[in-house]
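Every heavy atom of this structure was used, including side-chain atoms; hydrogens, water molecules and symmetry mates were not.
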Amino acid sequence: MAHWAVERQEATLPAPERVGGPGWTAAWLTGAVTLAAEGTLALVVSFLVGLRNEHYFAAGAPVFVGYLVAAVLIAVTLGLAGLIGSAAAVLPVVQLSRWSARRTGRAETVCWCLAVCGAFAVAVALCAGVPAALLGGGWTVLPLVLLVTILGLVPAVLCTRAVTVLRGTGTRFGLAGVVFLGGLTLSGVVLVGGLVAYGTGLIQAYEPPRLTDAQLVGTWTDDQGGTLTLRADGTAVADDLGVDTAEAAYGGDRPERCSGSGSWAQNASLSGTPQLDLSVSGCTKVSGWQFGGTEEQPTLYYWIGDPDSLDQYTLRRTSPAP
């Protein structure tokens, strides 16, 4: 009889402890901080990857204040998004995993929880991807939504599930704190590691192209039909070209349009970087064009007004010189 009782006890499937009140609050917070940490890590990775592409950083005390305000707003946004996402997706998936396991007489294991996450991600992908594809977004939206949902949901669900199987309210909230600190630490390590990799040259950051005179020769066009033609003999022809005037710089207007002919030359700027200087009759303030883009697809641009505004007037080469 005792032998049968032991076998019966061993055959009983383990189930997570039922939690409520503070326990589910800790689970909700854990899911929220996990989602926020994932968002922070994604922003850090996007920033580091963006350093390989054309980018501009403004400078000056007001700009740094703006960066600080933006960082605070991003942190608040990530926190709110994490709280909403945890309540709308993470906790329901954890509950669904426990309910479905109980209904089928199975143990609510990590593998079972992952399967429920996969089913939920498929449902989200179908609900979001199919309409987007039918509206012209392409069927690649569906696997992309599926991948993003799985990557974002699985860590949050597993961390939240771990809270529900712990005993003790303090331990549960402690796990939420560990997830929060771990996410910040991981994001910090990735950021510092990426910056070190760029600083040591292990990863090459974006550098503007260094164009020769022969590469500058040709026709350059803005997005409004204005053109600048640079010829090999050093002459230039502007047709409806945008120029930066004092009124445009300080009044917030767009560059004025002008046409004329003159000359061009490549010189060094005050910082030592190459730039294009123009002297065109009928156009004022057309010198100091900087190089952007890539060697295959270069651009010419100048800042409209204060460079800290990051407002540019850009020309793109449309055809080489005949």
Exercise for the section: Report yes if some heavy atom in the side chain of Leu83 is under 4.5 Å from a heavy atom in the side chain of Trp28; otherwise report no. Expected result: yes

Handout entry: Nearest non-hydrogen partners of Val93 and Cys117, listed with the distance
Key = CG1-SG, 3.8 Å

Practice task
Using a 4.5 Å cut-off on heavy atoms from C-beta on, say whether the side chain of Leu241 contacts that of Tyr313.
Solution key: yes

Fill in the blank from the handout: In terms of heavy-atom contacts, Asn53 and Tyr206 come closest through O-CB, 3.1 Å

Problem - Hphob cluster co-occupancy, Ile203 + Leu191, side-chain heavy atoms under 4.5 angstrom - result: yes

Practice task
Quick one: pull up CH2 in Trp112 and CZ in Arg161 and give me the separation to the nearest 0.5 Å.
Solution key: 12.5 Å

Exercise for the section: Could you tell me whether a side-chain N or O of Thr77 sits under 3.5 Å from a main-chain N or O of Leu73, the two making a donor and an acceptor? Expected result: yes

Exercise for the section: Please report the C-alpha distance between Ser261 and Thr235 in whole Å, then the side-chain angles of each, then the deciding distance to 0.1 Å, and finally whether the side-chain contact (heavy atoms from CB on, under 4.5 Å) criterion is met. Expected result: CA-CA 7 Å; Ser261 60; Thr235 59; over 6 Å; no

Fill in the blank from the handout: Heavy atoms of Val145 and Ala128 approach each other most closely as CG1-CB, 4.2 Å

Handout entry: Contact check, side chains of Phe291 and Pro298, non-hydrogen atoms, under 4.5 Å
Key = no

Practice task
Please report the C-alpha distance between Asp240 and Gln224 in whole Å, then the side-chain angles of each, then the deciding distance to 0.1 Å, and finally whether the side-chain contact (heavy atoms from CB on, under 4.5 Å) criterion is met.
Solution key: CA-CA 9 Å; Asp240 199 30; Gln224 298 179 3; 5.9 Å; no

Handout entry: Any side-chain heavy-atom pair of Leu144 and Thr140 under 4.5 Å
Key = no

Completion exercise
Minimal heavy-atom distance between Ser86 and Pro92, with the atoms involved, is O-CD, 4.0 Å

Completion exercise
Taken to the nearest 0.5 Å, the spacing of Glu295 CD from Glu207 CD works out to 10.5 Å

Problem - Cluster check Leu78, Tyr67: I/L/V/M/F/W/Y, side chain < 4.5 angstrom - result: no

Problem - Closest approach of Ala156 to Gly31 (non-hydrogen atoms, all atoms of both residues) - result: CB-O, 4.1 Å

Practice task
Rounded to the nearest 0.5 Å, what's the gap from CG on Leu300 to CZ on Arg317? Could you check?
Solution key: 9.0 Å

Problem - Criterion side-chain contact (heavy atoms from CB on, under 4.5 Å) on Val190 and Phe47, from CA distance to verdict - result: CA-CA 11 Å; Val190 172; Phe47 168 75; over 6 Å; no

Fill in the blank from the handout: The reported gap from OG1 in Thr160 to CG in Leu29 (rounded to nearest 0.5 angstrom) is 9.5 Å

Fill in the blank from the handout: Between the CG atom in Leu195 and the OG1 atom in Thr200, the distance rounded to the nearest 0.5 Å is 10.5 Å

Exercise for the section: Treat each ILVMFWY residue as a node, draw an edge where side-chain heavy atoms are under 4.5 Å apart, and state whether Val280 and Val237 are in one component. Expected result: no

Practice task
Step by step, work out the side-chain contact (heavy atoms from CB on, under 4.5 Å) result for Thr299 and Gln312.
Solution key: CA-CA 11 Å; Thr299 62; Gln312 295 179 350; over 6 Å; no

Completion exercise
Tightest non-hydrogen contact, residues Arg172 and Ala26, listed as CB-CB, 3.7 Å

Completion exercise
Phe180 meets the ring-ring contact (aromatic ring centres under 6.0 Å, His included) criterion, sequence neighbours left out, with none

Problem - Backbone N/O of Gln297 and side chain of Arg316: donor-acceptor pair under 3.5 Å - result: no

Problem - Shared hydrophobic cluster, Leu184 / Val179 (ILVMFWY, side-chain heavy atoms < 4.5 Å) - result: yes

Problem - Check: Glu38 and Leu35 side chains under 4.5 Å, non-hydrogen atoms - result: yes

Practice task
Check Trp220, Tyr302, Trp264 against Trp289 for a ring-ring contact (aromatic ring centres under 6.0 Å, His included) and give me the one that passes.
Solution key: Tyr302

Problem - Pairwise distance OG1(Thr30) to CG(Leu158) - rounded to 0.5 angstrom - result: 12.5 Å

Exercise for the section: Establish whether Val49 and Leu41 are linked, either directly or via other cluster members, by ILVMFWY side-chain heavy-atom contacts under 4.5 Å. Expected result: yes

Practice task
Taking the side chain as every heavy atom from C-beta outward, state whether Glu108 and Thr164 have any pair of such atoms under 4.5 Å apart.
Solution key: no

Completion exercise
Only residue of Thr229, Leu230, Leu228, Leu315 satisfying side chain to side chain contact (heavy atoms under 4.5 Å, CB included) with Thr219 is Thr229

